[in-house]
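Below you'll find the structure, written out as structure tokens, and then a few comments.
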Amino acid sequence: MRKPRARSATATASARPGRAALGREVGWFVAIGLASTVAQALAYWVLRRWWPPLSANLVSLLVVTVLNTEANRRLTFRGSAARVVRAHLAAGALFVVAYATTSGAVLLLRHLWPAAPTAAEVSVLVPSFALVTVVRFAVLRLLVFRRRR
């Protein structure tokens, strides 16, 4: 009589493709999100030398959002039936939420500490951008790039 074999992790993952896909998506989204957060913080830091906080945040966030959306469309949610225009329009709506959240954080800091240095502004931008990124993943995965079964 043969002993039943234990299923390997690969066999288990392939038996549950939704779980494997979610793990891959989360991995790519985290990598892209970290890169985007760093890029947005650096762009803000540079732009802040010449521009007021809200302008620097608007431009840095706009550039990073376009690049982030395209990277996520191509890597995180590859294979999705979502069209390019739909993905970027949804990202535009999410951009408004991101801009309001990150700008609100900077404005609150400037209200509480009017002479706050740029480094302090960046230190409130990063966690607020990270929070928006979590919301962004949920909306993109559930509404924009949902997989058809």
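The figures here come from the full heavy-atom set of this structure, side chains too, leaving out hydrogens, waters and symmetry mates.
No continuous path of hydrophobic side-chain contacts links V134 to V38 [ILVMFWY only; heavy atoms under 4.5 Å]. Cluster annotation: W45 is connected to V126 through the hydrophobic network of ILVMFWY side chains, with a link wherever side-chain heavy atoms come within less than 4.5 Å. The same ILVMFWY cluster, assembled from side-chain heavy atoms under 4.5 Å apart, contains both L143 and F137. Using a 4.5 Å cut-off between side-chain heavy atoms of Ile, Leu, Val, Met, Phe, Trp and Tyr, with links allowed through other members, F129 and L62 fall into the same hydrophobic cluster. If you chain together hydrophobic residues whose side chains sit under 4.5 Å apart, L109 and L107 never meet in one group.
L89 contributes atom CG, which lies 11.0 Å from atom CG of L94 (distance to the nearest 0.5 angstrom). Note: R73 CZ to R83 CZ = 11.0 Å, rounded to the nearest 0.5 Å.
Residue pairs meeting the side-chain hydrogen bond (donor to acceptor under 3.5 Å, both in side chains) criterion with at least one partner in residues 105-117, sequence neighbours excluded, are R110-E121.
Residues N57 and S103 share a closest heavy-atom pair of ND2-OG, 2.8 Å. Of all heavy-atom pairs between N68 and S36, the closest is ND2-OG, 2.8 Å. Across S128 and T102, no two heavy atoms sit closer than the pair OG-CG2, 3.5 Å. Heavy atoms only, all atoms of each residue included: R86 and V144 are closest at NH1-O, 3.0 Å. Of all heavy-atom pairs spanning A98 and L61, the tightest one is C-CD2, 3.7 Å. In terms of heavy atoms, Y44 sits closest to S60 at N-CB, 3.7 Å.
Side-chain contact between F29 and T133 is present, with heavy atoms from C-beta onward closer than 4.5 Å. Here the side chains of T69 and L140 are not in contact, with every heavy-atom distance at 4.5 Å or above. For the pair W51 and L58, the minimum side-chain heavy-atom distance is 4.5 Å or more. For the pair V106 and L54, the minimum side-chain heavy-atom distance is 4.5 Å or more.
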Evaluate the side chain to side chain contact (heavy atoms under 4.5 Å, CB included) criterion for residues F145 and T76: first the C-alpha distance (whole Å), next the side-chain angles of each, then the deciding distance (0.1 Å), finally the verdict.
CA-CA 10 Å; F145 296 108; T76 305; over 6 Å; no
R141/V26 under side chain to side chain contact (heavy atoms under 4.5 Å, CB included): CA gap, chis, key distance, verdict:
CA-CA 10 Å; R141 185 168 201 282; V26 168; over 6 Å; no
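Side-chain atoms of N72 and E25 form no donor-acceptor pair, as typed in the model, at a separation below 3.5 Å.
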